[in-house]
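I have placed the structure first, in the form of structure tokens, so that the comments after it can refer back to it.
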Protein chains: 2
Amino acid sequence: MASRIVSFEKIKVACKNCTLATLCLPMGLTPDDVERLDAIVKRSRPLQKGDHVFRNGDPFHNLYVVKTGTVKTYTESPDGGEQVVGFHLPGEIIGLDAIQTDQHGCSARVLETSAICELPFDNLEDLASHIHSLQHQLFRLLSKEISRDTEMLSLLSKSTAEERLATFLLDLSKRHQQRGFAANEFFLSMSRQEIGSYLGLALETVSRLFTRLQEDGILRVERKHIEILDRDHLAVLAIKPAGSRANTCQASD
Amino acid sequence: MASRIVSFEKIKVACKNCTLATLCLPMGLTPDDVERLDAIVKRSRPLQKGDHVFRNGDPFHNLYVVKTGTVKTYTESPDGGEQVVGFHLPGEIIGLDAIQTDQHGCSARVLETSAICELPFDNLEDLASHIHSLQHQLFRLLSKEISRDTEMLSLLSKSTAEERLATFLLDLSKRHQQRGFAANEFFLSMSRQEIGSYLGLALETVSRLFTRLQEDGILRVERKHIEILDRDHLAVLAIKPAGSRANTCQASD
DNA sequence: CGTAGCTTTGAAGATTTTCAACCTTAGTGG
DNA sequence: CCACTAAGGTTGAAAATCTTCAAAGCTACG
């Protein structure tokens, strides 16, 4: 009983191997459990820019953890165009939407050379039914993804182009920071077009906004390199755009 | 072993009591399991139009199953406005996004007199770690919610007002049908404003679109009563709006 | 019957998209 | 080493869609 809960440090070490920080950091796992979790993780070869992690329609076997690099997930329009539905940074898990159908409902492609780990879901499920805290952690993980999507949804249905881009940049910044990178300076691994697709804007609109934010002294933009100069100002734009265009209902009571 | 898997019929009967068709129908549960599942469900009193199921910030204890009626979930803007993030029909489960934070991240209010069941999540989790198929079903449930959100996200970032409304109506229609109601004729329990908020459109735009779809012979609209007259045409609008405004990327390979 | 709330409709205004041209960067091959 | 090309990015002007503001109509409910 005394050593039932392993220290965070030990978990971190164990997880450094499996890149499962996301999964196992906040749990109380025994060393034994960690070992078993570690045993089911497969490290895949590094993927090159443009390679697919999985494609829409592929049978579902694994969840994937982004170890390094960036992954975009997207759906295809009937006319062959891509609709970006997410960008995924190191430590994030993708493929969660496929559990339901046993088929991947979108495609995932790496935006730069990336390392991706595989998590065979059947094994994970088995393990979860033995390790209660792992089960709980998985529920939380799925729930978190739902929260993220809901937030994004709320963003897209409410806001102006400016608010969308500001929110997008702050979100990216936060995620970089959580992963131990600089909060106010980072590289965009995606193109203006991909950002536009994700935010529901034309690529020209994205470009113009970058220019404007730079003119206003809020950002420094140099192609894909972004520096946030005035974070507070950016945060204001993210909440209330210049001319507040309100699609919200006034409370009815 | 012979009677390990209970028949669908028996499950249906058991579930009629607890409105858990969504949860237990596709599973292989023993009669014993069903009983245990049934035992943790609490039937709440009927809620009146405008009552809250839960509010943003409430501590998370239960998931909720809509038994009859309609529920809207929404977040509040700083300025007091409401941003609708979902409409929920009988058989659907709400509160899934709160697992992660132990707090509800949005509010839920019924749009008409509704019956809502409570599912204490702690109990559900305990049960899931004993019943493997229940665990699996819960994972699927959460995954499905993610898929739904992703689809919605894809819709909002891509499309024109017309495409959004057409998709919205087809989605509602499908969900009505799945629940055994008429597919081409139903009542909207939400206002134009709420639809607009959900779809990211001004309420006037929604109203105008209803008028136009009626003029085109695609719908019959009479306040909240909707009849779909030309489903195929509506489906075309949902995929490719009149003047295809494309925020999609052309595939780069 | 009258008021309150929702819906419809019109016209003006704003934001965003589209089309088009041009610029920049990086990579390739002569 | 330089010119050339392709891809991505920027910028401008016109066009379209959607929102906003305003007013009037309809329904329901007390």
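Values below: all heavy atoms of this structure, side chains included; hydrogens, waters and symmetry mates excluded. Naming: A, B, ... by sequence-line order, numbering from 1 per chain.
- Look at CG on A:L201: it is 14 Å from C1' on C:dT18, rounded to the nearest Å.
- Between the C1' atom of C:dG5 and the CD atom of B:E194 lies a distance of 13 Å, rounded to the nearest Å.
- In this structure, the CG atom of A:L199 is 11 Å from the P atom of C:dT17, given to the nearest Å.
- Taking atom CD of A:Q193 as the reference point, atom P of C:dT17 lies 13 Å away to the nearest angstrom.
- Note: B:H104 and B:F60 have perpendicular aromatic rings, judged against thresholds of 30 and 60 degrees for the angle between ring planes.
- Atoms CZ (B:R164) and C1' (D:dT19) sit 13 Å apart, rounded to a whole Å.
- Distances from the side chain of B:K224 to the nucleotides D:dC18, D:dT10, C:dT7 place C:dT7 closest.
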Please tabulate, one pair per line, all N/O donor-acceptor pairs under 3.5 Å involving side-chain atoms of residues 182-190 of chain B, not counting sequence neighbours.
unit_1 : atom_1 : unit_2 : atom_2 : d
B:N184 : OD1    : B:R231 : NH1    : 2.6
B:E185 : OE2    : B:H225 : NE2    : 3.0
B:S189 : OG     : B:T70  : OG1    : 3.0

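- In terms of the side-chain hydrogen bond (donor to acceptor under 3.5 Å, both in side chains) criterion, A:Q177 has no residue partners (sequence neighbours excluded).
- With sequence neighbours left out, the side-chain hydrogen bond (donor to acceptor under 3.5 Å, both in side chains) criterion links A:E204 to no other residue.
- A search for side-chain contact (heavy atoms from CB on, under 4.5 Å) contacts involving A:T150 returns A:I146, B:V85, B:D149, not counting sequence neighbours.
- For A:A202, counting side-chain heavy atoms from C-beta on, the closest listed nucleotide (D:dC18, C:dT17, D:dG9) is C:dT17.
- Between the P atom of D:dG12 and the CZ atom of A:R212 lies a distance of 14 Å, rounded to the nearest Å.
- Atom-to-atom, CZ of A:F210 to P of D:dT11 comes out at 13 Å; the value is rounded to the nearest Å.
- We find that CD of B:E215 is positioned 12 Å from P of C:dT8, with the value rounded to whole Å.
- For the salt bridge (Lys or Arg N to Asp or Glu O under 4.0 Å) test, residues two or more places apart in sequence or in another chain that qualify with A:E222 are A:R220.
- Between its two ends, the helix from C:dC1-D:dG30 to C:dG30-D:dC1 turns its axis by 30°, counting five pairs per end and rounding to 10 degrees.
- Ring pair A:Y74/A:H52 is tilted by interplanar angle, where 30° to 60° counts as tilted.
- With D:dT10, C:dT16, C:dT7 as the candidates, the nucleotide lying closest to the side chain of A:T160 is C:dT16.
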Restricting to nitrogen or oxygen on both sides, can you table the protein-nucleotides 21-30 of chain D pairs closer than 3.5 Å?
unit_1 : atom_1 : unit_2 : atom_2 : d
D:dC21 : N4     : B:E204 : OE2    : 3.2

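- When distances are taken from the side chain of B:S207 to each of C:dT17, C:dT7, D:dC18, the shortest belongs to C:dT7.
- Of the side-chain N and O atoms in B:T211, one or more sit less than 4.0 angstrom from OP1 or OP2 of C:dT9.
- Residues meeting the side-chain hydrogen bond (donor to acceptor under 3.5 Å, both in side chains) test with A:E151, sequence neighbours left out: none.
- Under the side-chain hydrogen bond (donor to acceptor under 3.5 Å, both in side chains) criterion, A:R148 pairs with A:D171, sequence neighbours left out.
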